[in-house]
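These figures come from a predicted structure and were not determined experimentally. In listed order, ligands and their atoms are each counted from 1. Atom set for the values below is all heavy atoms of this structure, side chains included, hydrogens, waters and symmetry mates excluded. Along the sequence shown, residues carry numbers from 1.
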Amino acid sequence: MDLIPWTILLLCLFSAQLAHAQENTNYDESNVPNYTLPDPLQTVEGTAVESISEWKFQRRPEILHLFSENVYGNMQHHFDTISFTEISEESALNGAATARQVEIAISRDGQKLNLVLNLLIPNNVSSPAPVTLLINHRGPDNMDISREIKKEFWPAEYIVDRGYVAAVFDVEDLADDNKETYTEDLLEQLYPEELDKPDGMRTISAWAWGAMRAMDYFERAPDIDENRSIVIGHSRGGKTALWTGAQDQRWAITISNESGAGGAALSRRRFGETVQQINSSFPYWFTPNFEKYNNNESALPVDQHMLIACIAPRAVYVASAAEDQWADPRGEYLSLYHGATVFDEIFGIPIPLDEEMPEVNSPVHTSHVGYHIREGEHDLTRYDWEQFLNFADQYFGLE
Ligand code: GCU
């Protein structure tokens, strides 16, 4: 057979496969089922939550516990030792930055885990500088501090130029993004008991745990201002960023870029990727209990707007892309919209969002909440970073 028929045959096979993978996927707004979201401001027992202390000491911990038990697994925080070693430090970006690699070593019961943090620290700003941490699931090319390889996914020159530390780690230091080998790092080394529990940690929790260890370093580094810290992730990394920021109150701003199902998108909408689809493709991301909600979203005691709510009163930013229907942009926006009520009702911070989604390429930045939907496909782009840093400048009063 010559080249052309082969190409056509392969193309047909590929589209047949794609059609099969997505055949049950709803992309039609009129097919979104009627649903009722659990109320972030009502306890499981039915009591209305009205004060900051009821929110802080009762409802927020209750919501985080429900996410641990049913979605991401019960995060472990205990370990015996943690140490930080600066492996290398040199001038970079023609003197505009210092490139530093830090090895974070954590031990528990005689077992050890190493996590490497890559940093580009701006030199021409008043120190300590605000920091952005990217949770990188796209391998070494997206975190090169030598800058031989540059990608828009981590535009370090631009971040430094805006006066922020650009920090990044590879999720695979914590847990491989792989069904067969994900247990080999954090889980087998430090928390093996998690692997037998129905609500045990899996990769999203392991990756979030890594982001928290990066924050442990920021707290100790004299040239980094941990009080002006931003955790950001794209897609599976965005799901992880939300889970990190919801739990760990040391982060000033949490940013989810196109995080979709199990991230910012409301599960009950069943638009784009569903709970059942994500659990069958990526069962090792979530805790085993999450499978109970396959095609049974209304039984979930939470929905993703409650993850947003747990970030309040710290800032949160959700971003979508118009062609990324698999991630359900409208569901991502609605989650922000519904979650943001906690800012107003509990903390007295008005968040003037409209129930209607903002137009494409028209970012909405309120004092504590940001959103944009840009044109184009599923990716983390220079445009996204520009909006995030504009929002951060405004939030930190750096304009
Ligand atoms: C897949 C997956 C999504 C995920 C995305 C990504 O498309 O179904 O849930 O967000 O990969 O991480 O890029």
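- Taking distance alone, with nitrogen or oxygen atoms compared against 3.5 Å, W285 stays at or beyond that limit from ligand 1.
- Remark: minimum distance from atom 2 (C) of ligand 1 to any protein heavy atom is reached at F282 CE1, 3.4 Å.
- In this structure, atom 7 (O) of ligand 1 lies nearest to the protein heavy atom W326 NE1, 3.1 Å.
- Looking at S235, A261, G238, it is S235 that brings a heavy atom closest to atom 5 (C) of ligand 1.
- Those atoms of ligand 1 with a heavy atom of K239 less than 4.0 angstrom away are 3 (C), 4 (C), 9 (O), 10 (O).
- Ring orientation note: the planes of H234 and H378 are tilted relative to one another, at an angle of 30° to 60°.
- The salt bridge (charged side-chain N to carboxylate O under 4.0 Å, His left out) check on R374 picks up E258, D384, with sequence neighbours excluded.
- In this structure, atom 8 (O) of ligand 1 lies nearest to the protein heavy atom E273 OE2, 2.6 Å.
- A tilted orientation is assigned to the rings of F84 and Y217, their planes being inclined by 30° to 60°.
- Contacts of Q277 with ligand 1, taken as heavy-atom pairs under 4.0 Å, are absent altogether.
- Only the side chain of H378 comes within 4.0 Å of ligand 1, judged by heavy-atom distances.
- Among all protein heavy atoms, the one lying closest to atom 12 (O) of ligand 1 is R236 NE, 2.5 Å.
- Between R228 and D393 no salt bridge is recorded (no basic side-chain N to carboxylate O distance below 4.0 Å).
- Separating the CD atom in E273 from the CD atom in Q276 is a distance of 10.0 Å, to the nearest 0.5 Å.
- Side-chain N/O atoms of Q101 and E86 include no donor and acceptor closer than 3.5 Å.
- Checking only distances, H234 never comes within under 3.5 Å of ligand 1, N or O to N or O.
- For the 3.5 Å distance criterion, the side chains of T244 and W251 fail to qualify, holding no donor opposite an acceptor.
- R162 forms no cation-pi arrangement with Y164, by the criterion of a distance under 6.0 Å to the ring centre and an angle within 45° of the ring axis.
- Near I278, meaning under 4.0 Å from one of its heavy atoms, ligand 1 places the atoms 9 (O).
- Taking 4.0 Å as the cut-off, E258 does not count as a neighbour of ligand 1 on heavy-atom distance.
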